[in-house]
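These figures come from a predicted structure and were not determined experimentally.
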Amino acid sequence: MKSNKKGKKRPTASTTRSQKPAKKSRSMSKRRDFFGSFFSITALCSIWGLVILLAIGVYQATQLPDLSDLEFKKRDIAVSLVDSSGEKFAAYGDFYLEPLTFNEIPEFLIEALVATEDRRFFQHWGIDPFSLARAAVVNLKQGKIKQGGSTLTQQLAKNLFLVFDRSVERKVRELLLALWLEMSFTKDQILTLYLNRVYFGSGVFGLRAAAEYYFGKSVSDLQLKEAAMLVGILKAPSKYNPRTNFSLAKKQATQVLNNMMRAGFLEKNILRKHVKYRVKIKPQLNLQKGTWYFADWIRERAEAYSNNVYLNKRVFTTLDLSLQKKAEAALANQLNRSSSNKQLEGAVVVLDATGKVLAMVGGRNYFKSKFNRATQSRRQPGSVFKPVVYLAALSKGLSPETVISDQPLEIGSWRPKNFDGVYRTQVSLRQALQMSYNLATVRLSEKIGRDLTIKMAYRLGINAKLDNKPSLALGSSGVSLINMTAAYVAISNGGFPVEPYGISSIETEKGELIYARREQAATPIASPKVIADMNLMLEDVIARGTGKKANIGRTAAGKTGTSQDYRDAWFIGYSEGLTVGVWVGRDDNRSMRKITGGSIPAKIWAEFMVSVP
């Protein structure tokens, strides 16, 4: 065999064929290695994924809330406020009644619920994949969240245990809880728990409470369309609330009835009959705006008196709605007449001789400002504080005819002035109080000692912090209207200090007594002679002094008060067993353009007192 030019052998057919299979074998080996590695990695990842998911599930299971007591769910208790005549005038808190048993729930209501909220309720085991898939399709088509796939069991789990957020963690817990509920309870029990706990809007929880609140009926007396309306509320309690959106609530009720027909629970000819049924909503309380100031004040006290009783309650109050309306009208009328003072605010408190709060107006409009100026505000009382000084002086042995200088006075750098800028040589205590002379009053306070005035104030029931300064006599320390008015009650009732109160008793909704006010024994603040003299001096204020605009044509006593720079104007007075305090001012504490206690406040007081028979 000849060799080629390069001296190499030419490959034969046999050698060429033997080399090609070797290359193919190596290629196939590589592919087998690749797919083997891929499947191995995939399997490994799957195993680890399952381990991780299992670990997450176990962890979330350990984070589930306490499931030992499903019957307990803390809510704000429902409290009804009742006036002195026994009429309910306000309510707050969540409204709920005794839980229902399954046998008490009408079958058609359950059908309405299932048809609208969870048609496969009796087939699924807490989670419904079909509903989830259907909701996903609808949401994809709409391009937004239009439907949810939650079952009734999931909704119950969320309502019972979970906060309302959209986190994945919360959703995992919800699913676990739904499974737990399905394993632990029958379908009937789950429905009963759901209907006893679900929110029906307006602070109403549970089916029994909803039937009473919206229709004034027991659950057994509900008609089909009423039941459909209640089920319709569940989609969006604020949107489909029949008290606030009756037309929308009716449309939603009709939709629920149609759902029942499509689910096979209702025949078409019967559907038409129920659609035409006229639903009547239970009338709501005709609440006065002004009573809410009083209601808020009462709420705080009612909670303190009965905070260990976790039941719905009725609070029997001292409020007289007739007097309340008259107090509101007097304040509104007089403030509205002051066209140059649109920023004026005011407050009125009416007390009887024992301290009962018969009426309370905390401002011009509760819904614009919930701040109660009768109880929460601390303003300088000005000259309405002066009777405390004169009462202390009379108690020390001075008489109304005792004379005192009204000449200019300087104490340190402080130089008080009389309102009219005039100074008298000598005036009697009667004259000084009648005309509200500042210099005579300060001189009297310094003469008897400020400590005596402060002690008398505390004996009268004034609980404010009183600064031991010369200006104390002119009412420089802030007090509340209700507290200052109560001090005048102690003068009007013969000398017995009172504590203002608005609660007579508290009962559970079943009539069990929780709290009853006891009569308070009080020690007289002064002798009958001193009290009688003080009354005559305060009568002179209205008859001949600064309070002439409070003259009502019958025996009455009172005192005007104006703080520095006309920031506060007061009138507190009494007649025939009623003591009424009035305050007028601005919330920003600015000057009121020379409004004094003897002007608008005295007129408010007079208008109210004249309206009282």
Side-chain angles (χ1 to χ4, degrees), residues 380-406 409 411 414 416 418 426-480 483-499 522-541 545-547 557-561 563 570 572-574 579 581 597:
Q380 289 186 345
S383 294
V384 293
F385 187 83
K386 287 178 180 176
V388 180
V389 179
Y390 287 85
L391 188 58
L394 296 179
S395 299
K396 196 173 182 180
L398 280 68
S399 77
E401 307 311 322
T402 300
V403 296
I404 194 164
S405 171
D406 189 46
L409 179 67
I411 302 176
W414 186 57
N418 281 334
Q426 296 284 331
V427 294
S428 68
L429 299 190
R430 185 190 304 277
Q431 291 172 321
L433 183 61
Q434 173 186 309
M435 300 308 299
S436 201
Y437 296 148
N438 289 339
L439 291 165
T441 303
V442 172
R443 190 171 269 108
L444 177 64
S445 175
E446 295 299 299
K447 178 179 179 180
I448 63 174
R450 280 174 243 145
D451 288 341
L452 187 61
T453 297
I454 291 173
K455 287 179 182 177
M456 179 57 72
Y458 290 150
R459 291 181 68 187
L460 285 166
I462 297 174
N463 55 23
K465 180 182 178 182
L466 302 175
D467 294 328
N468 194 338
K469 297 178 181 179
S471 60
L472 168 73
L474 304 183
S476 60
S477 298
V479 297
S480 68
N483 197 214
M484 199 70 227
T485 305
Y488 277 66
V489 173
I491 301 172
S492 72
N493 68 6
F496 297 95
V498 300
E499 180 181 355
T523 303
I525 56 173
S527 68
K529 173 67 168 60
V530 167
I531 296 298
D533 285 343
M534 195 71 231
N535 275 289
L536 290 173
M537 290 170 70
L538 289 173
E539 287 177 17
D540 282 347
V541 172
T546 59
K559 184 70 185 75
T560 59
S563 70
W570 302 64
I572 302 178
Y574 48 89
T579 301

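Residues V403 and Q426 approach most closely at CG2-OE1, 3.7 Å, considering heavy atoms. Counting all heavy atoms, side chain and backbone alike, A457 lies closest to L466 at CB-CD1, 3.5 Å. Scanning both residues, G581 and I572, for their nearest heavy atoms gives CA-CG1, 3.9 Å. Pairing each heavy atom of Y437 with each of Y390, the nearest pair is O-OH, 4.4 Å. In terms of heavy atoms, W414 sits closest to P470 at CZ3-CB, 3.5 Å. The shortest heavy-atom contact between S476 and S471 is OG-OG, 3.0 Å.
Looking only at distances, a side-chain donor or acceptor of D406 sits under 3.5 Å from a matching main-chain atom of A440. The main-chain N or O of S428 is found under 3.5 Å from a side-chain atom of Q431 such that the two form a donor-acceptor pair. N463 contributes no side-chain N or O that, together with a main-chain N or O of Y458, makes up a donor-acceptor pair within less than 3.5 Å. Under a 3.5 Å cut-off, the side chain of Y488 and the backbone N or O of V384 do form a donor-acceptor pair.
Between S395 and M456 the shortest side-chain heavy-atom distance falls below 4.5 Å. Annotation: side chain of R430 is in contact with side chain of E401 (closest heavy-atom distance under 4.5 Å). Between T546 and K559 the shortest side-chain heavy-atom distance falls below 4.5 Å. A heavy-atom distance below 4.5 Å is not found between the side chains of V389 and L433. Residues K529 and D533 are in side-chain contact: their nearest non-hydrogen atoms beyond the backbone lie under 4.5 Å apart. Looking only at side-chain heavy atoms (C-beta outward), V388 and M484 come within less than 4.5 Å of each other. Within the 4.5 Å cutoff, the side chain of L472 has no heavy atoms near those of the V442 side chain. In this structure the side chain of L460 never reaches within 4.5 angstrom of the side chain of P497, judged on heavy atoms.
With rounding to the nearest 0.5 Å, the separation of CG in D451 from OG in S445 is 9.5 Å. Residue K469 holds its NZ atom at 13.5 Å from CG of L474, rounded to the nearest 0.5 Å. With rounding to the nearest 0.5 Å, the separation of CG in L439 from CG in N418 is 4.0 Å. Taking CG of L398 as the start and CD1 of I404 as the end, the distance is 8.0 Å to the nearest 0.5 Å. One distance of note links CE of M435 with OG1 of T560; it measures 9.0 Å at 0.5 Å rounding. Atom CD1 of I491 sits about 14.0 Å away from atom CZ of F496, to the nearest 0.5 Å.
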T453 and L391: CA distance, side-chain angles, deciding distance, side-chain contact (heavy atoms from CB on, under 4.5 Å) verdict: CA-CA 8 Å; T453 297; L391 188 58; over 6 Å; no
Worked verdict on S383 versus N438 for side-chain contact (heavy atoms from CB on, under 4.5 Å): CA-CA 8 Å; S383 294; N438 289 339; 4.2 Å; yes
Stepwise side-chain contact (heavy atoms from CB on, under 4.5 Å) check, F385 with V479: CA-CA 10 Å; F385 187 83; V479 297; 5.6 Å; no
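With 3.5 Å as the limit, one finds no donor-acceptor pair spanning the side chains of N493 and Y574. Defined by atom type and a distance below 3.5 Å, a donor-acceptor pair is present between the side-chain atoms of S436 and K386.
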